[in-house]
Amino acid sequence: MIINRPLYLNRLIQNKNNGLVKIVTGIRRCGKSFLLFELFHRHLIEIGIDESHIIEIALDDLIYESLREPHKMLQYIRNRILDSHQYYVVLDEVQMMENFVDVINSLLHLPNIDIYITGSNSQFLSSDIATEFRGRGVQIHIFPLSFSEFLSAYDGDKRDAWKDYYTYGGLPKILSLSDDESKAEYLSDLYRTVYLRDITERHRIKNEHEMEELVQILASTIGSTTNSTKLSNTFKSVKHVSISPKTITNYIGYMVNAFMLERSIRYNIKGKKYINTLSKHYFTDLGLRNAILNFRQQEETHIMENIIYNELRIRGFLVDVGCVEQKTTNSDGKTIRRQLEVDFVANKASKIYYIQSAFAMPTAEKEVQEKRSLIATKDSFKKIIVTGQDIKAKRDSNGILTISIIDFLLDKNSLDF
């Protein structure tokens, strides 16, 4: 099955021959190897690069076992370079080679070589891997399939695809599994035997049960503001376990660094400053999130919010949780201050969008409620409500756009309707 991923392919093409190592990162099974060995390879052939000038090595293949030794790898690549034309070197599972950073940096001394690497273990998955190359690398981060990518390879209509997507997520393998049981089993096994193990082994976590309990709590509270102190109190009251806020902060950091989780910080819109006391956490893949909870909490409201967050991140936005203060006067003439929440403040360069996730707005009162925080910002940035209802996009007298989740996800320009 070929799933074209033009967003990431274009990023590779834009960085081609720039003298830097292209470091392709992302959680396991999100399609890194396929992007390099299939889609990027096809691009190189289409622009006229000879096969002999494409050096591809999958270090998890036993045929290349000897190349896991640094000097043998260096010699092998040098022997393949026979002329002054450009060569493209793609190394997969590069962490299986000893001292791989030194090997890559050594290859950069060759004048006609362009290098692309990826890997899957806990060290390579870490978000700080680009720093290992001291300014000699550029990170190209891959997310699981967006809904539009998922739908492009889905055998069914949009609504069926949406249900499968919010239940089983966007890891490409899901599209090749035919029944719900095999999808659920695949995700559950992947979480326990791969993702959780990567984190616990890299950080030498002795109490794996504590870590797993925390992941379950975070999975059950997506879309809710929290902090390490509140989570510590939850452990004490619900799990009857004592875990310090510092330990919880560390555990969450491990998950963020491994790309399983992302943290969105509260931002005071009018004060233009961050409020670090509370934040929200969103899962990179909803299928994994649901598998962590054994597919028991399928509340489409919160899941849709997580998917909107992921889509904004895929589109290259930085995403914060917005808050804005609204002042009203009660019957006694006293001023009442209320904190209203804007689900997402999405910004990229000079562009800023305020976005609300509203699964349903069955009444006029509910619609007014969802718009209240957007109106309270009192600025000229674009304001959008994304709803789970099947409606035609419309804009009200305040300039607020209301759009269905399907239309939002399928049109990359949907924020500018």
- Task: Evaluate the criterion side-chain contact (heavy atoms from CB on, under 4.5 Å) for residue pair Phe147 and Ile406; output intermediate values, then yes/no.
- Result: CA-CA 9 Å; Phe147 180 65; Ile406 300 296; 4.0 Å; yes

- For residues 301-315, which residue pairs qualify under salt bridge (Lys or Arg N to Asp or Glu O under 4.0 Å), counting only residues two or more places apart or in two chains?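 Salt bridge (Lys or Arg N to Asp or Glu O under 4.0 Å) check on residues 301-315 returns Glu262-Arg313, Lys280-Glu305, Glu311-Arg315.
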
- Item | Pairs touching residues 143-167 that satisfy salt bridge (Lys or Arg N to Asp or Glu O under 4.0 Å), sequence neighbours left out |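 Residue pairs with at least one partner in residues 143-167: Arg5-Glu149, Asp164-Lys183.
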
- Task: Tell me, please, which residues at least two apart from Lys371 pass salt bridge (charged side-chain N to carboxylate O under 4.0 Å, His left out).
- Result: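 With sequence neighbours excluded, Lys371 shows a salt bridge (charged side-chain N to carboxylate O under 4.0 Å, His left out) to Glu367, Asp396, given in chain and number order.
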
- Item | Non-neighbouring partners of Lys351 that pass salt bridge (charged side-chain N to carboxylate O under 4.0 Å, His left out), sequence neighbours left out |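 Expected list: none.
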
Do [X] and [Y] come within less than 4.5 Å of each other through their side chains, counting heavy atoms only?
| X | Y | result |
| --- | --- | --- |
| Ile384 | Phe408 | no |
| Leu374 | Ile385 | yes |
| Val103 | Val94 | no |

- Task: Assess whether side-chain contact (heavy atoms from CB on, under 4.5 Å) is satisfied between Asn250 and His203, documenting all intermediate values.
- Result: CA-CA 10 Å; Asn250 290 338; His203 299 286; over 6 Å; no

How about [X] and [Y]: does a side-chain donor come under 3.5 Å of a side-chain acceptor?
| X | Y | result |
| --- | --- | --- |
| Asp92 | Ser33 | yes |
| Asp416 | Asn413 | no |
| Ser146 | Ser148 | yes |
| Asp320 | Tyr274 | yes |
| Gln95 | Glu93 | yes |
| His71 | Glu98 | no |
| Arg42 | Asn4 | yes |

- Message: For Phe259 and Phe143, I'd like to know if the aromatic rings sit close, meaning centre-to-centre distance below 6.0 Å.
- Response: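 Judged by ring-centre distance (under 6.0 Å), Phe259 and Phe143 do not meet the cut-off.
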
- Query: Ser373 and side-chain contact (heavy atoms from CB on, under 4.5 Å): which partner among Arg338, Glu341, Gln356, Gln339?
  - Reply: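 Result: among Arg338, Glu341, Gln356, Gln339, Gln356 is the only option passing the side-chain contact (heavy atoms from CB on, under 4.5 Å) with Ser373.
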
- Considering the options Glu185, Glu212, Glu208, which one meets the salt bridge (charged side-chain N to carboxylate O under 4.0 Å, His left out) requirement together with Arg192?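 Option passing the salt bridge (charged side-chain N to carboxylate O under 4.0 Å, His left out) with Arg192: Glu212.
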
In chain order, what residues pass the side chain to side chain donor-acceptor pair (under 3.5 Å) check against [X], with sequence neighbours excluded?
| X | answer |
| --- | --- |
| Asn105 | none |
| Thr249 | Ser228 |
| Tyr165 | none |
| Thr387 | Gln389 |

As an exercise, state the distance from [atom1] of [X] to [atom2] of [Y], rounded to the nearest 0.5 Å.
| X | Y | atom1 | atom2 | value |
| --- | --- | --- | --- | --- |
| Leu409 | Ile308 | CG | CD1 | 7.5 Å |
| Ile307 | Glu300 | CD1 | CD | 8.0 Å |
| Ile248 | Ile217 | CD1 | CD1 | 7.5 Å |
| Leu74 | Ile104 | CG | CD1 | 8.5 Å |

- side-chain hydrogen bond (donor to acceptor under 3.5 Å, both in side chains): which pairs involve residues 60-69, sequence neighbours left out?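 Every pair satisfying side-chain hydrogen bond (donor to acceptor under 3.5 Å, both in side chains) with a residue in residues 60-69: there are none.
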
- Atom NZ of Lys412 with >12 non-hydrogen neighbours under 6.0 angstrom: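 It does not: Lys412 NZ has 12 such atoms or fewer within range.
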
- Item | Greater than 12 external heavy atoms within 6.0 Å of Ile2's CD1 |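 For Ile2, atom CD1 is crowded (more than 12 foreign heavy atoms under 6.0 Å).
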
Is a side-chain N or O of [X] found less than 3.5 angstrom from the main chain of [Y], in a donor-acceptor match?
| X | Y | result |
| --- | --- | --- |
| Tyr309 | His281 | no |
| Asn306 | Tyr282 | no |
| Asp285 | Leu288 | yes |
| Asn10 | Pro6 | yes |
| Lys32 | Ile142 | no |

- Message: Give me each pair satisfying ring pair (Phe, Tyr, Trp, His ring centres under 6.0 Å) with a member in residues 349-396, each pair once, sequence neighbours excluded.
- Response: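 The answer is Phe317-Tyr353.
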
- Identify the two heavy atoms, one from Ile314 and one from Pro144, that lie closest to each other, and give their separation to 0.1 Å.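 Where Ile314 meets Pro144 most closely, the heavy atoms are CD1-O, 4.2 Å.
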
- Task: Evaluate the side-chain contact (heavy atoms from CB on, under 4.5 Å) criterion for residues Val321 and Leu278: first the C-alpha distance (whole Å), next the side-chain angles of each, then the deciding distance (0.1 Å), finally the verdict.
- Result: CA-CA 10 Å; Val321 177; Leu278 293 171; over 6 Å; no

- Query: Does the distance from a Lys or Arg side-chain N to an Asp or Glu carboxylate O, for Asp114 and Lys16, drop under 4.0 Å?
  - Reply: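 No.
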
- Task: Output, in order, the C-alpha distance, side-chain angles, deciding distance and verdict of side-chain contact (heavy atoms from CB on, under 4.5 Å) for Leu214 and Ile252.
- Result: CA-CA 8 Å; Leu214 175 61; Ile252 291 175; 4.1 Å; yes

- Task: Output all residues satisfying ring-ring contact (aromatic ring centres under 6.0 Å, His included) with Phe34, sequence neighbours left out; order by chain, then residue number.
- Result: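 Once residues adjacent in sequence are excluded, Phe34 has no partner under the ring-ring contact (aromatic ring centres under 6.0 Å, His included) criterion.
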
- Message: Tyr251: which residues meet the ring-ring contact (aromatic ring centres under 6.0 Å, His included) condition with it, sequence neighbours left out?
- Response: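 Testing Tyr251 for ring-ring contact (aromatic ring centres under 6.0 Å, His included), a comparison that skips the adjacent residues, returns none.
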
